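One structure is given here, and the rest of the page talks about it.
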Amino acid sequence: MTTNLAASLYLVSGILFILALRGLSSPETSRRGNLFGILGMALAITVTFLFVDILFSGLLFIICALAIGGSIGSIIAYRVSMTAMPQLIAGFHSFVGLAAVLVALSAFYNPEAFELGTLNNIKTASLIEMSIGASIGAITFTGSVIAFLKLQGLMSGTPITFKGQHFINLLIGIGIISLIIYVTINQSNHIFWILIIISFLIGVLLIIPIGGADMPVVISMLNSYSGWAAAGIGFTLENTALIITGALVGSSGAILSYIMCKGMNRSFFNVILGGFGGTDLTLQKNKSRKPVKSGNAEDAAFLMKNASSVIIVPGYGMAVAQAQHAVREMADSLKKNGVKISYAVHPVAGRMPGHMNVLLAEANVPYDEVFEQENINSDFANTDVAFVIGANDVTNPVAKTDSQSPIYGMPILDVEKAKSVLFVKRSLSPGYAGIDNELFYRENTLMLFSDAKKMTEDIVKNLV
Amino acid sequence: MEVDPFIFRLGIFVLSIFVGYYVVWSVTPSLHTPLMSVTNAISSVIIVGAIIAASSLTSHTDFYLSNILGYAALVLAAINIFGGFLVTQRMLQMYKKKKKEKIK
């Protein structure tokens, strides 16, 4: 196959990837989009096989490696639960990052194979591209590993901060840039390794100060990084498919980070610098004095059965308790009683963008009953019951009233406007932002203290 | 004077960022999780580099190391490609199932 033909076919595969993302604009076209993505990938792999000279034994080894990776990937994809999706995505990002590092290293040691010059005499432009690609790849790798550990609960979600943290990160950042310049000039493989190792280090340092509930931003950001790493390698390999994909993924991750930050009314830097969250002790003291109305499943079932409309507000707590199926059952029995059901999803509900939507989809909730914040917020005022399950900060009216509050200005769901509010929660403990939710003490709020799944199941029993 | 091919690649890169920008804004928020898993799968097109690295043979003594690195990258990328596309398919399938029920 000639170089020109191969390059044209890589371009086609890049276009198929664009169509794959385009398909996600609606659930109807999304599966066709995914098919385009698979086609694009198959094309890119086939072209590569036809383009490079492979010995027969080499081909066998490569197919074995593909089969091993493919089986592991397929098993993971079939076994993973929807609740565990954020950690799965974080894990996958780490693989892209590490693969970028490995390919860059391989190109560094064997530049002839990639037509980048000869050993210790690599083209300057290629050196810059591969060092940038390797460095971003390394940051993506360790950053994603930390994100994975936090999401999987193998590491505490509380921010890890220490004095001088930002200063150290800044120094390392400057160090990385200097090393890239040094590698470009001197082509030392020791320095190339050092570059990769300190990039691994900064990946860890960047993610440890970021708290658990900021994970939607972290995952989106790492998604973006994995794209830029791929693009860097794409430039090195002079491969259009890789450049296009890297740019697509990079901008996709960046947009998602932006949407997530906006959902929390925080700047990107504020999230990245970390250390947000924790409990405010003064608030905890005040709390015990205020009266709270609490009820049981029977009260909740009675209220909702006699309502004409109910809006369900799910949050991360629902995911943790695996309560989505029970919630759907509850909605089904309410619908039989003629109650209108809709779901309100806040952009940052859950641990990754769109997390709640996937969980509800898993529980067979029709997607046209699930609404984004801006489309449903005005409906709360005409709703009899708002059923809040596992959400907290995103419903806190303090975000609108108290300019001193850490969540001030965050767009919230106007749950308080509903005639009555049912709050399923284990205790009165504050949410991630560490502030008290004044909604708990309102006249029209009924607290349902229990595990989300157990409470919902009890309500279902009382509805029959 | 002839334009350096690098500039063409840079052009493709910049234009793709713009394409990505507009395409991703049109993705419906309820499909943001599948968006992440599918972008993850397609960024594993880095497997192209892994195949080149794994298959290349040279007379250099370092060839062995570069090949092993290539194979390792190949396995990782393959996990991502299969895992990413399949898990996306699985999620999108759930969006379909409900639609059917709705029609009934």
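The structure presented is a predicted model; accordingly, all values stated were derived computationally and were not measured. Naming convention: chains lettered A, B, ... in sequence-line order (proteins, then strands); numbering from 1 in each chain.
Across Gly84(B) and Phe92(A), no two heavy atoms sit closer than the pair N-CE1, 3.7 Å. Minimum interatomic distance between Pro34(B) and Val358(A) (heavy atoms only, all atoms of both residues): CD-CG2, 4.1 Å. Smallest separation of non-hydrogen atoms from Ile17(B) and Ser251(A): O-OG, 3.6 Å. Looking at every heavy atom in both residues, Ser106(A) comes nearest to Ala53(B) through OG-CB, 3.0 Å. Closest approach of Ala77(A) to Leu86(B), counting heavy atoms only: CB-CB, 3.6 Å. In terms of heavy-atom proximity, Ala247(A) sits nearest to Ser16(B) at CB-CB, 3.5 Å.
A 4.5 Å side-chain heavy-atom check between Val23(B) and Leu248(A) finds every atom pair outside the cut-off. Looking at Phe51(A) and Ile52(B), their side chains never come closer than 4.5 Å, going by heavy atoms from C-beta outward. A heavy-atom distance below 4.5 Å is found between the side chains of Thr39(B) and Asn223(A). Considering only heavy atoms from C-beta on, Ser43(B) comes within 4.5 Å of Val96(A) through its side chain. A heavy-atom distance below 4.5 Å is found between the side chains of Glu372(A) and Ser30(B). The shortest distance between side-chain heavy atoms of Arg90(B) and Val80(A) falls below 4.5 Å. Side chains of Ser55(B) and Ile62(A) form a contact here, defined as non-hydrogen atoms less than 4.5 Å apart.
Using a 4.5 Å cut-off between heavy atoms, Leu35(A) does not touch chain B at all. Residue contact with chain A, scored on non-hydrogen atoms closer than 4.5 Å, is absent for Leu15(B). For chain B, the nearby parts of Ala65(A) are the backbone and the side chain; heavy atoms of each come within less than 4.5 Å. Both the backbone and the side chain of Leu21(A) come within contact range of chain B, with heavy atoms under 4.5 Å apart. Within the 4.5 angstrom heavy-atom criterion, only side-chain atoms of Tyr10(A), from C-beta onward, approach chain B. Heavy atoms of Ile46(B) lying under 4.5 Å from chain A belong to its backbone as well as its side chain. In this structure, chain B has heavy atoms under 4.5 Å from both the backbone and the side chain of Glu238(A). Only the side chain of Tyr258(A) comes within contact range of chain B, with at least one heavy atom under 4.5 Å from a heavy atom of that chain. Proximity to chain B is limited to the backbone of Arg79(A), based on heavy atoms less than 4.5 angstrom apart. Contacts between Ile42(B) and chain A at a heavy-atom distance below 4.5 Å involve backbone atoms as well as side-chain atoms. For Val45(B), the parts lying near chain A are the backbone and the side chain together; criterion is any non-hydrogen pair under 4.5 Å.
Atom-to-atom distance recorded for Trp25(B):CH2 and Ile259(A):CD1 is 4.0 Å, nearest 0.5 angstrom. How far CG of Leu65(B) is from CG of Asn189(A): 9.5 Å, rounded to the nearest 0.5 Å. One distance of note links CD1 of Ile79(B) with CD1 of Ile75(A); it measures 10.0 Å at 0.5 Å rounding. Note that NE2 of His32(B) and CG of Leu24(A) are 9.0 Å apart. Values are rounded to the nearest 0.5 Å. Distance check, rounded to the nearest 0.5 Å: CZ of Phe82(B) to CE of Met41(A) gives 10.0 Å. In this structure, Ser37(B) OG and Ile89(A) CD1 are separated by 4.5 Å, a value rounded to the nearest 0.5 Å.
Side chain of Ser26(B) to backbone of Ser25(A): no donor-acceptor contact under 3.5 angstrom is found. At distances below 3.5 Å, at least one donor-acceptor pair connects side-chain atoms of Arg31(A) with backbone N or O atoms of Leu92(B). Not one N or O on the side chain of Ser252(A) forms a donor-acceptor pair closer than 3.5 Å with the backbone of Leu35(B).
Ranking Gly253(A), Ser220(A), Ser30(A) against chain B, the residue ahead of the rest is Ser30(A), based on heavy-atom pairs under 4.5 Å. With respect to chain A, the highest number of heavy-atom pairs below 4.5 Å among Val24(B), Leu74(B), Asn80(B), Thr28(B) belongs to Asn80(B). Annotation: maximal heavy-atom pairing with chain A below 4.5 Å, among Tyr22(B), Phe18(B), Phe13(B), occurs at Phe13(B). In terms of heavy-atom pairs under 4.5 angstrom with chain B, the leader among Ala100(A), Ala104(A), Ser74(A), Ala254(A) is Ser74(A). Of all the listed residues (Thr245(A), Val47(A), Leu16(A)), the one sharing the greatest number of non-hydrogen pairs under 4.5 Å with chain B is Thr245(A). The candidate from Ser44(B), Ala77(B), Gly20(B) with the greatest count of non-hydrogen atom pairs under 4.5 Å with chain A is Gly20(B).
Within a 6.0 Å radius of CZ in Arg328(A), more than 12 heavy atoms belonging to other residues, nucleotides or ligands are found. Other residues, nucleotides and ligands contribute only 12 or fewer heavy atoms inside 6.0 Å of the CZ atom of Phe61(A). Around atom CZ of Phe49(A), more than 12 heavy atoms belonging to other residues, nucleotides or ligands sit under 6.0 Å away.
Taking the six-membered ring where the residue is Trp, Phe235(A) and Phe6(B) present tilted rings, their angle falling between 30° and 60°. Ring orientation note: the planes of Tyr367(A) and Tyr95(B) are tilted relative to one another, at an angle of 30° to 60°.
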Inset, instruction - Could you go through the side chain to side chain donor-acceptor pair (under 3.5 Å) check for Asn40(B) and Ser226(A) one step at a time? - result: CA-CA 8 Å; Asn40(B) 179 76; Ser226(A) 70; 5.4 Å; no
For Ile45(A) and Ile51(B), run side chain to side chain contact (heavy atoms under 4.5 Å, CB included): C-alpha distance rounded to whole Å, both residues' side-chain angles, the deciding distance at 0.1 Å, then the answer. CA-CA 8 Å; Ile45(A) 293 175; Ile51(B) 294 173; 4.0 Å; yes
Worked verdict on Ile47(B) versus Leu66(A) for side chain to side chain contact (heavy atoms under 4.5 Å, CB included): CA-CA 10 Å; Ile47(B) 196 166; Leu66(A) 261 175; 3.7 Å; yes
How far apart are the C-alpha atoms of Met82(A) and Met94(B), what are their side-chain angles, what is the distance that settles it, and do they pass the side chain to side chain contact (heavy atoms under 4.5 Å, CB included) test? CA-CA 11 Å; Met82(A) 290 299 139; Met94(B) 298 185 316; 3.8 Å; yes
Evaluate the criterion side chain to side chain contact (heavy atoms under 4.5 Å, CB included) for residue pair Met85(A) and Val87(B); output intermediate values, then yes/no.
CA-CA 9 Å; Met85(A) 203 50 73; Val87(B) 90; 3.8 Å; yes
Next item on the list: Evaluate the side chain to side chain donor-acceptor pair (under 3.5 Å) criterion for residues Arg9(B) and Thr240(A): first the C-alpha distance (whole Å), next the side-chain angles of each, then the deciding distance (0.1 Å), finally the verdict.
Entry: CA-CA 7 Å; Arg9(B) 284 190 287 274; Thr240(A) 345; over 6 Å; no
